[in-house]
Amino acid sequence: MVPEAPKVRTGKKVAVIGSGPAGLAAAAQLNLAGHTVTVFERADRPGGLLMYGIPNMKLDKQEVVLRRIKLMEKEGIKFICNANVGDNVEPQIFLKEYDATVICTGATQPRDLPIEGRNLKGVHFAMEFLTANTKAVLAGASSPINAAGKDVVVIGGGDTGTDCVGTSMRHGCKSLVQIEILPKPPMERAADNPWPEWPKVYKMDYGQEEAAAKFGADPRIYLTTVKKFVGDEAGNVKELVTVEIKWEKNDKGQFIPKEQPGTEKTRPAQLVLLAMGFLGPEQALLKEINVETDARSNIKAEHGAFTTSIPGVFAAGDCRRGQSLVVWAINEGRGAARECDRFLMGATDLP
Ligand SMILES: Cc1cc2nc3c(=O)[nH]c(=O)nc-3n(C[C@H](O)[C@H](O)[C@H](O)COP(=O)(O)OP(=O)(O)OC[C@H]3O[C@@H](n4cnc5c(N)ncnc54)[C@H](O)[C@@H]3O)c2cc1C
């Protein structure tokens, strides 16, 4: 791969806020179109969840992510890290100093579990654990949040939970349990889930396969939630109490989890990782610039147009559609770049 800088510059300045796959895709395309692109990233390295979410064993940071960012820098894109827009960077500069802005800040607001003992040491959001781990991998050091020799409980049975399982296995955890509030999926497609829909069937991902190979069984337990965390005298989590649940309809016809009395179990846990999904984009910046949001608190912008309620400001990726996938973020970043180029030049050749 060699850098391909544009031959002609338009003289237009574009700011991209956030350097995940949406921001990187938008920046690459806008640079290709000849605009001068600056990417603002609040973390110490660019890449978003490509850098600090998806673990190194799934996506190599040096060989893939940083190599691509270096190529982009050589193509003329400027990355400013430790630049938290709305905190240490004044958001109004975009409206004053740039001809257009693309917001790609992701959907990074984690779902919390505000139960007794939540503040004990050793109870962390998944992203705190995964970020600390990747920083340590890149520094060739041991992670400050470490699963080595510990009984680990991961709360949440999704992909983020799986990455916590895989990372804990690599640290050398003593035991591992992954708690899922939903029922175990069927082994074969249900009647209301025909082809070509995505098959909602039981599967083991890499983390569960690794845990099963070491500990003898899939670490997931279903239809279960956590009632409280219990600490020792030093304020460290030492165990947690789980309870089985049943999904029942309430008087509005909505399914709600109902705890089953007498099913409480106390389990050892010196490291608890909360991986219960994300609630949408962080709101502080969106409120400060007064951009319109939708009913799910994402930035309001049509897919295809990507224009927000502020002229010249576009939105792409998880901050527009909610937590999703890298391919969608790239699709949206490229689409927002196309519409941004059209806004700046009156026409566009970008795909
Ligand atoms: C643990 C985990 C594993 C995943 N694994 C996969 C996978 O294997 N495959 C897959 O397809 N998808 C995966 N996903 C989902 C995928 O990573 C996201 O859908 C994708 O990264 C979204 O891209 P984005 O650019 O919209 O946002 P993000 O990647 O979230 O990037 C947003 C960036 O904006 C920055 N930012 C936020 N606010 C500000 C601000 N005010 N100022 C400056 N910068 C700011 C953030 O620091 C971040 O770097 C995973 C997600 C997680 C959490």
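It should be emphasised that the depicted structure is a prediction, and the values quoted were computed from it without experimental measurement.
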Short side-chain to backbone donor-acceptor contact, [X] and [Y], under 3.5 Å:
X: Lys121; Y: Ala234; value: yes
X: Lys61; Y: Leu59; value: yes
X: Asn193; Y: Trp198; value: yes

Does [atom1] in [X] sit with more than 12 non-hydrogen atoms of other residues, nucleotides or ligands closer than 6.0 Å?
X: Asn88; atom1: CG; value: yes
X: Glu188; atom1: CD; value: no
X: Arg334; atom1: CZ; value: no
X: Lys13; atom1: NZ; value: yes
X: Lys214; atom1: NZ; value: yes

What donor-acceptor contacts under 3.5 angstrom involve side-chain atoms of residues 305-321, with partners at least two apart or in another chain?
{"unit_1": "Thr308", "atom_1": "OG1", "unit_2": "Ile310", "atom_2": "N", "d": "3.1"}
{"unit_1": "Thr308", "atom_1": "OG1", "unit_2": "Ile310", "atom_2": "O", "d": "3.3"}
{"unit_1": "Thr308", "atom_1": "OG1", "unit_2": "Val313", "atom_2": "O", "d": "2.8"}
{"unit_1": "Ser309", "atom_1": "OG", "unit_2": "Glu292", "atom_2": "N", "d": "2.9"}
{"unit_1": "Asp318", "atom_1": "OD1", "unit_2": "Ser324", "atom_2": "N", "d": "3.2"}
{"unit_1": "Arg320", "atom_1": "NE", "unit_2": "Glu332", "atom_2": "OE1", "d": "2.9"}
{"unit_1": "Arg320", "atom_1": "NE", "unit_2": "Glu332", "atom_2": "OE2", "d": "3.3"}
{"unit_1": "Arg320", "atom_1": "NH1", "unit_2": "Ala301", "atom_2": "O", "d": "2.8"}
{"unit_1": "Arg320", "atom_1": "NH2", "unit_2": "Glu332", "atom_2": "OE2", "d": "2.7"}
{"unit_1": "Arg321", "atom_1": "NH1", "unit_2": "Glu332", "atom_2": "OE2", "d": "2.9"}

Side chains of [Y] and [X]: any donor to acceptor distance under 3.5 Å?
X: Asp163; Y: Thr167; result: no
X: Asp151; Y: Ser175; result: yes
X: Asp99; Y: His35; result: no

Got a sec, which pairs hit side-chain hydrogen bond (donor to acceptor under 3.5 Å, both in side chains) with one end in residues 239-260, sequence neighbours left out?
->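 Non-adjacent pairs meeting side-chain hydrogen bond (donor to acceptor under 3.5 Å, both in side chains): Lys227-Glu259, Thr242-Arg267, Asn250-Gln254.
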
Step by step, would you call Asn31 with Arg9 a side chain to side chain donor-acceptor pair (under 3.5 Å)?
-> CA-CA 9 Å; Asn31 186 59; Arg9 288 283 172 192; 2.8 Å; yes

Apart from Met204 itself, what residues make up its hydrophobic cluster when side-chain heavy atoms of I, L, V, M, F, W and Y under 4.5 Å apart count as a link, directly or indirectly?
->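 Members besides Met204, by chain and number: Met187, Tyr202, Tyr222.
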
If you look at every heavy atom in [X] and [Y], which pair is closest and at what distance?
X: Ala43; Y: Cys81; answer: O-CB, 3.3 Å
X: Phe215; Y: Cys173; answer: CZ-O, 3.7 Å
X: His171; Y: Ala147; answer: ND1-N, 3.1 Å

Any carboxylate oxygen within less than 4.0 angstrom of a Lys/Arg side-chain nitrogen, looking at [X] and [Y]?
X: Lys238; Y: Glu233; value: no
X: Asp112; Y: Arg118; value: yes
X: Arg342; Y: Glu339; value: yes

Pair Phe94 and Phe40, ring centroids less than 6.0 Å apart |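 Judged by ring-centre distance (under 6.0 Å), Phe94 and Phe40 do meet the cut-off.
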
Can you check side-chain contact (heavy atoms from CB on, under 4.5 Å) on Asn133 and Ile145, steps first, answer last?
-> CA-CA 7 Å; Asn133 182 67; Ile145 308 177; over 6 Å; no

Quick one: does Gln178's side chain get under 4.5 Å of Thr162's, heavy atoms only?
->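 Sidechains of Thr162 and Gln178: in contact.
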
